[in-house]
Colleague: 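Have a look at this one before I ask anything.
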Amino acid sequence: MSQLVDRPDVAHPATYGAGVPFAEFARMRRESPVCWVPEPALWRRSGGGQMLSQGSGFWAVTSHEGVVAASRQPELFSSGRKGAFLPDPRTTADLEQARQLLVNMDAPQHSRIRRLVTAVFTPRAIRALHDSVAAHAHALVQRAVRRADCDVVTDLAAELPLLVLADLLGLPREDRHLLYRWSNNLVGFDDPEYGGGNVEAYRATFFEAFQYALTVAGERRRSPRDDLMTLLATSEVDGRRLSDREFCSFWLLLVVAGNETTRHLISGSVLALLDDPAQRERLTREATLTPSATEEMLRWVTPIMQFRRTATRDTELCGQPIAEGEKVVLWYVSANRDARVFDAADTLRLDRDPNPHLAFGMGPHFCLGAHLARLEAQTMLRELVPHLARFELTGPVIRLESNFVNGVKSLPGRFTAARR
Ligand code: HEM
């Protein structure tokens with residue numbers, strides 16, 4: 001007798017502790033690529049007590065075609081109206097605070113603020129970082145291999161983006177551990193080990209991070225340097241400096257977006273290669289595949305699984321009517337497995353070409369750090385892959401409970417001695 005098995009809830013953060021529910025996304029793409037998903041009630045801690053909090057529900061866009069269509073119409077599917085994150089802002093003040101963040105803005109404010117830092121992230125500017133990124137990656141991998149025991153997440157995947165960010169922002173390298181903690185607390189809000197759904201702890205993290213940033217901004221205004229902190233603290237938009245709130249928000253977005261994402265791309269790539277020794281051996285033999293392998297890893301891992309939009313008026317998407325004000329969630333992680341666009345979508349192909357993945361989003365909010373993320377991931381793969389044949393797992397792989405970031409918290413293992 002066949003049994004009814006509950007479907008995984010794609011909206012629930014805990015679902016992802018067991019991995020991305022790819023089969024469920026495949027069913028959604030097949031049956032209804034724009035479908036309504038109710039949101040689960042989640043426990044939140046605030047003050048002394050606990051409360052249940054439940055979102056409005058949303059239109060889940062799971063096909064490549066749907067995600068592209070919505071991303072190309074920012075005037076219909078807004079980032080600013082309710083922000084770009086799945087949870088609804090709790091109060092008007094929260095919404096107003098959220099709108100200080102670039103990712104939660106619409107045109108024309110969005111393009112004015114984004115322009116401030118685009119020069120720092122152009123392919124040319126990023127190429128200039130090549131040697132320092134390579135030196136960091138080399139040192140990290142050599143140290144891990146020498147020590148034999150290592151956690152790929154904390155010792156390698158997290159460290160490289162943090163070191164690069166500290167250099168770029170002009171912060172002391174030892175402060176990268178603060179950036180790591182803040183970012184875990186914010187992105188890991190739903191994870192029991194990190195944020196634990198604690199609203200006060202979440203706010204306290206913002207406060208601590210903002211205090212830190214304001215202190216550095218004051219120092220840079222007094223004695224400017226050639227770093228991104230100085231640029232943000234002193235640049236003007238429309239004849240005026242960023243307010244403290246605007247400055248802090250932009251800074252924190254760069255810190256979080258610049259370290260979590262690339263961390264999970266690197267750890268997810270290592271996991272994929274450990275799972276597929278034939279592909280790992282091929283990449284070891286053919287290092288020239290590294291750029292296309294990185295694109296495939298972006299598709300395969302999709303470190304940021306979704307961003308949210310809000311319909312600005314009654315409209316439709318892929319034939320599905322959508323009412324003004326409704327929440328629309330763009331599931332990049334599903335679009336990147338859409339068989340209508342990718343041959344053998346559930347197979348890792350390191351030489352996939354073309355590879356029109358949506359891991360960096362699309363449209364006006366296309367990831368500002370894409371060139372930097374590619375440089376970091378390619379550099380780490382080049383350094384690490386030759387050693388991976390000697391790497392074996394020594395403990396469980398622990399995944400982040402998040403419906404936003406496809407992340408691994410711990411990937412412990414050992415580099416065994418080289419065979420003579
Ligand atoms: C594998 C690594 C990365 C992935 C998968 C990723 C993914 C994304 C995605 C999907 C968006 C689109 C947001 C939207 O449409 O609402 C985005 C935006 C953004 N990313 Fe990344 N990102 C990565 C690395 C980075 C890095 C290294 C930085 C900076 C150091 C960065 C900074 C940003 C910023 C500032 C935005 C907002 C752009 C805007 O709203 O105009 N990202 N990223």
Side-chain angles (χ1 to χ4, degrees), residues 61 67-68 70-74 77-86 98-118 120-122 125-126 129 133 157-158 160-169 171 179 183 187 228-229 232 249-269 294-310 328-333 335-336 357-381 404-407:
V61 186
V67 173
V68 168
S71 305
R72 284 191 170 145
Q73 303 179 82
F77 298 101
S78 153
S79 296
R81 188 135 164 179
K82 287 283 177 69
F85 298 103
L86 199 155
R99 282 189 181 139
Q100 307 292 318
L101 213 60
L102 183 72
V103 82
N104 298 326
M105 293 177 191
D106 287 327
Q109 185 200 16
H110 170 255
S111 28
R112 283 208 302 268
I113 302 284
R114 183 169 162 125
R115 218 175 296 134
L116 259 185
V117 295
T118 40
V120 178
F121 292 101
T122 59
I126 296 305
L129 300 176
V133 174
L160 182 63
L162 285 167
L163 284 163
V164 173
L165 259 183
D167 289 355
L168 202 64
L169 290 160
L171 302 175
L179 312 185
S183 156
V187 171
L228 187 47
M229 231 36 203
L232 286 177
S249 301
F250 205 155
W251 174 80
L252 195 59
L253 175 65
L254 287 175
V255 166
V256 175
N259 100 76
E260 281 279 341
T261 51
T262 317
R263 179 198 317 171
H264 299 307
L265 173 61
I266 294 171
S267 50
S269 303
T294 304
E295 294 311 300
E296 179 67 344
M297 290 302 182
L298 279 158
R299 181 186 80 86
W300 191 253
V301 179
T302 314
I304 299 283
M305 294 187 285
Q306 46 82 8
F307 264 114
R308 172 251 178 95
R309 302 291 188 258
T310 304
V328 177
V329 176
L330 312 180
W331 287 97
Y332 307 120
V333 74
N336 281 346
H357 67 76
L358 299 171
F360 290 125
M362 171 174 265
H365 289 275
F366 181 81
C367 177
L368 202 54
H371 300 299
L372 179 58
R374 285 180 166 124
L375 173 67
E376 290 178 18
Q378 288 181 17
T379 312
M380 185 49 102
L381 283 179
F404 176 49
V405 165
N406 180 14

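As the structure lists them, so they are numbered: ligands from 1, and atoms in each ligand from 1. All values reported here derive from a predicted model rather than from experimental measurement.
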Colleague: By number and element, which atoms of ligand 1 are closer than 4.0 Å to a non-hydrogen atom of Leu368?
Modeller: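 Once the distances to Leu368 are compared, the set is 19 (C), 20 (N), 33 (C), 34 (C), 35 (C).
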Colleague: Taking atom 21 (Fe) of ligand 1 as the point of reference, which of Ser111, Cys367, Ser269 owns the nearest heavy atom?
Modeller: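 Considering heavy atoms of Ser111, Cys367, Ser269, the nearest to atom 21 (Fe) of ligand 1 sits in Cys367.
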Colleague: Taking 4.0 angstrom as the limit and counting only heavy atoms of Ile304, give me the atoms of ligand 1 inside it, by number and element.
Modeller: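 Heavy-atom distances to Ile304 below 4.0 Å select 7 (C).
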Colleague: Tell me which part of Leu168 gets within contact of ligand 1: side chain, backbone, both or neither, using heavy atoms under 4.0 Å.
Modeller: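 For Leu168, no heavy atom sits under 4.0 Å from ligand 1.
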Colleague: Work out whether the distance between some heavy atom of Arg309 and some atom of ligand 1 is less than 4.0 Å.
Modeller: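 Heavy atoms of Arg309 do come under 4.0 Å of ligand 1.
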Colleague: Which atoms of ligand 1 are found less than 4.0 Å from any heavy atom of Tyr332?
Modeller: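 By the 4.0 Å cutoff, the relevant atoms are 10 (C), 15 (O).
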Colleague: Would you check if there is a donor-acceptor pair between the side chains of Thr302 and Asn406 at a distance under 3.5 Å?
Modeller: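 There is no such pair (donor and acceptor under 3.5 Å, judged by atom type) between the side chains of Asn406 and Thr302.
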Colleague: For residues His110 and Pro364, report the shortest heavy-atom separation together with the two atoms involved.
Modeller: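 Result for this residue pair: CE1-O, 3.1 Å.
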Colleague: Using a 4.0 Å cut-off to any heavy atom of Ala373, which atoms of ligand 1 qualify?
Modeller: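 Numbered from 1, ligand 1 contributes 1 (C), 2 (C), 24 (C).
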Colleague: Does Arg114 approach ligand 1 within less than 4.0 angstrom via side chain, backbone, both or neither, non-hydrogen atoms only?
Modeller: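 Side chain only.
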Colleague: Is Phe121 close enough to touch ligand 1? Criterion: a residue heavy atom under 4.0 Å from a ligand atom.
Modeller: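 The answer is yes: ligand 1 sits under 4.0 Å from a heavy atom of Phe121.
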Colleague: Could you tell me which atoms of ligand 1, counted from 1 in the order shown, lie closer than 4.0 angstrom to a heavy atom of Thr262?
Modeller: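 It comes down to these atoms of ligand 1: 2 (C), 27 (C).
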Colleague: What is the nearest protein non-hydrogen atom to atom 5 (C) of ligand 1, stated with its residue, atom name and distance?
Modeller: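 Answer, as residue, atom name and distance: Ala359 O, 3.5 Å.
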Colleague: State the atoms of ligand 1, each with its element, that fall below the 4.0 Å cut-off from a heavy-atom position in Leu265.
Modeller: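 Contacts of ligand 1 toward Leu265, numbered from 1: 1 (C).
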Colleague: For ligand 1, which part of Phe360 has a heavy atom less than 4.0 Å away: the side chain, the backbone, both, or neither?
Modeller: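 The answer is both.
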Colleague: Please say whether His110 places an N or O atom under 3.5 Å from an N or O atom belonging to ligand 1.
Modeller: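 Min N/O separation from ligand 1 is below 3.5 Å for His110.
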